[in-house]
Amino acid sequence: MSAFNPLPVTTRFAPSPTGSLHLGNARTAFFSYLWARQSGGRFILRIEDTDAERSQLRFRDALMGELRWLGLEWDEGPDIGGPSAPYSQSERGEFYRQLYAQLEARDQAYPCYCTAEDLELSRKLQRMSGQPPRYAGTCRGLSAAQRAERVARGLKPTLRFAVPKDQIIEFADAVHGPQRFSSNDIGDFIIRRDDGTSAFFFCNAVDDSAMGVTQVLRGDDHMTNTPRQLLLLDALGLRRPGYGHVGLLVGEDGAPLSKRHGSTSAQEFRERGFLSTAILNQLFRLGHAGDTDGWLPADQMRAHFRPQHLGRAPARFDESQLLHWQKETLERMSTTEIRAWLGAEDPAEFVDLIRHNVVLPADAVPWRAVVRGDLQPLGEGERRIIAAAGREFFAAAAAAYTEGNSELKMLTKVLKERTGRKGADLFMPLRVALTGSAHGPELAPLLKLIPPETARRRLESHAQNS
RNA sequence: GCUCCCUUCGUCUAGAGGCCUAGGACACGGCCCUCUCAAGGCUGUAACACGGGUUCGAAUCCCGUAGGGAGCGCCA
């Protein structure tokens with residue numbers, strides 16, 4: 001039974017364009033997308049590029065490319081606009097400035113002249129004395145004269161939010177349930193950097209609210225950031241979105257997914273030949289339980305998505321499960337589609353033959369070599385099969401083949417008569433000699449695709465030097 | 001250090017006090033099918049972190065313990 005959502009939910013994905021689309025981010029984007037689609041709401045793409053140093057346009061474009069490849073179409077975004085434009089934070093400076101002015105006018109924010117070194121030292125001292133490393137409030141009570149003095153010294157201030165004391169912040173987390181924090185555990189944090197750009201806590205919260213996001217879905221690592229964003233929104237009189245914190249996606253060793261786990265970006269999986277539907281099927285089940293166990297086509301996932309079944313515990317990414325969904329997806333594709341996916345101009349009959357022996361495009365390479373090329377060196381098991389069959393067997397096979405028994409059915413019939421062998425003893429040596437492997441697609445049709453001269457040569461080679 | 005979060009088979013998860021001698025999926029093993037592999041069918045191994053409560057009854061509620069994780073950044 002899927003969730004009954006009387007109200008359309010507006011969700012968003014707000015990546016910073018500082019790298020490729022990580023699988024973990026792809027997953028939260030996907031869940032957000034599904035939630036919006038399921039409820040008939042909107043899905044917004046917002047680019048958090050206030051860090052000019054690290055943000056790059058090429059990352060933004062790559063991010064959007066991966067999102068599209070996965071089929072996560074957004075209703076509002078930097079490329080298509082929308083009622084809350086612009087959708088790149090680097091272009092929203094004017095909006096932020098108004099809010100800063102509002103905060104400063106009410107003494108809910110104040111300039112801080114502490115240098116990065118000052119702060120680092122302070123944190124170090126706090127840590128050493130067993131205190132939480134929080135901003136000490138040094139600049140909170142500065143008079144106008146003191147501020148002027150610091151400006152005169154050439155110090156460029158940041159803007160800090162003045163966190164109110166003795167406040168209890170409560171919110172209902174969509175995945176964790178009721179949460180309760182004390183504002184006394186929160187230090188005054190920076191909402192504007194000394195270069196005038198906006199800091200994450202600020203623009204992220206403010207934009208979610210201003211853009212009409214009703215449900216923020218993000219990683220667990222943001223859980224304890226939420227109360228400070230709520231405080232900020234409250235101070236500004238802005239509407240609070242709902243928040244939901246999903247357990248992180250981790251690698252096989254339990255550590256957050258990173259480079260040393262191999263592929264971690266959507267792009268890398270795509271380049272290896274994974275299909276977007278396979279990845280979606282996998283992500284759908286990582287930290288989420290839908291109402292079905294089976295494979296789902298991409299466009300049906302929204303109907304089976306259950307936001308109330310989002311996971312709290314970290315989910316391990318296991319490639320063997322992805323491989324399973326890859327196979328399931330492949331099974332449902334037409335020969336034409338698979339041929340395009342393989343991208344090698346293979347004849348349709350060849351694709352049809354090998355499709356069940358291929359999970360990734362690279363798996364097709366050896367089969368292509370069987371039909372037009374040279375065989376790989378034999379493996380241990382294969383050599384044993386050849387040796388067990390014996391030279392005479394292959395001499396007989398080559399002879400029979402040369403006499404015109406080029407069809408497997410005829411070939412085995414003649415060989416059965418001449419050598420007395422049958423079953424696996426008959427087929428396996430032929431399979432190995434002809435294809436180089438003990439496993440593979442059906443042999444008869446495969447043999448038809450091997451040039452006669454090549455087939456003969458392969459049989460003969462084992463009659464001579466084994 | 002402080003605050004917060006997490007903990008069911010190897011993995012992903014179902015489970016919202018009795019329907020649980022804990023279900024499904026992936027992986028793994030066996031059997032069937034079969035020239036092989038894959039697919040398919042059948043089948044097997046395998047989990048409630050630990051300790052106390054509450055209750056007629058706890059995987060489910062409460063309290064501790066242990067182990068993981070996050071945040072406390074002029075990163076997002």
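Chain letters run A, B, ... following the sequence lines, proteins first and then strands; every chain starts at 1. Note: hydrogens, waters and symmetry copies are ignored here, and every other heavy atom, side chains too, is used.
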Tell which nucleotide pairs with B:U65, taking only Watson-Crick or G-U wobble pairs whose two distances are both under 3.5 angstrom.
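Partner of B:U65: B:A49.
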
For B:U11, the nucleotide meeting Watson-Crick or G-U wobble distances (both under 3.5 Å) is B:A25

Contact state string [nucleotides 39-44 of chain B, B base, S sugar-phosphate only, - no protein heavy atom under 4.0 Å]:
------

Looking at RNA chain B, which of residues 46-62 of chain A put a heavy atom within less than 4.0 Å of it?
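Per residue number, the list reads A:E48, A:T50, A:D51, A:R54.
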
Can a donor-acceptor pair under 3.5 Å be found between the side-chain atoms of A:R316 and the base atoms of B:C12?
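No, the side chain and the base share no sub-3.5 Å donor-acceptor pair.
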
Nearest to the A:A289 side chain among B:C6, B:U13, B:A27, which nucleotide is it?
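Of B:C6, B:U13, B:A27, B:U13 is nearest to the side chain of A:A289.
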
Does OP1 or OP2 of B:A14 have a side-chain N or O of A:H309 closer than 4.0 Å?
yes

Nearest-Å distance, CG (A:L426) to P (B:C35)?
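Atom CG in A:L426 sits about 11 Å away from atom P in B:C35.
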
What is the distance from CH2 of A:W325 to C1' of B:C26, rounded to the nearest Å?
8 Å

Taking side chain to side chain contact (heavy atoms under 4.5 Å, CB included) as the test, write out the residues that go with A:E66, two or more places apart.
A:L21, A:W69, A:A266, A:Q267, A:R270

Partner residues of A:T454 under the side chain to side chain contact (heavy atoms under 4.5 Å, CB included) criterion, sequence neighbours left out
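A:T454: side chain to side chain contact (heavy atoms under 4.5 Å, CB included) contacts with A:I450, A:P451, A:R457, A:R458.
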
With A:D208, the salt bridge (Lys or Arg N to Asp or Glu O under 4.0 Å) member among A:R240, A:R12, A:R218
A:R12

Please give the distance between the C1' atoms of B:G51 and B:A39 as a whole number of Å.
49 Å

So which atom in A:A397 and which in A:L411 form the shortest heavy-atom distance, rounded to 0.1 Å?
O-CD1, 3.8 Å

Give a yes or no on this: more than 12 heavy atoms of other residues, nucleotides or ligands lie within 6.0 Å of atom CD of A:E417.
yes

Is it the case that over 12 heavy atoms from other parts of the model lie below 6.0 angstrom from the CZ atom of A:R180?
no

Look for any protein N or O under 3.5 Å of an N or O in nucleotides 1-5 of chain B and output each such pair with its distance, or none.
from: B:G1; atom 1: O2'; to: A:G130; atom 2: O; distance (Å): 2.4
from: B:C5; atom 1: O3'; to: A:H176; atom 2: ND1; distance (Å): 3.0

Partner set under salt bridge (Lys or Arg N to Asp or Glu O under 4.0 Å) for A:E252, not counting sequence neighbours
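Residues passing salt bridge (Lys or Arg N to Asp or Glu O under 4.0 Å) with A:E252: none at all.
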
Between A:F201 and A:R228, is there a cation-pi geometry (under 6.0 Å to ring centre, at most 45° from the normal)?
yes

For A:Y135, does the six-membered ring have the charged nitrogen or CZ of A:R160 within the cation-pi criterion, i.e. under 6.0 angstrom from the centroid and within 45° of the normal?
yes

Identify whether any heavy atom of A:S16 sits under 4.0 Å from a base atom; if not, whether one sits that close to sugar-phosphate; answer base, sugar-phosphate or nothing.
sugar-phosphate

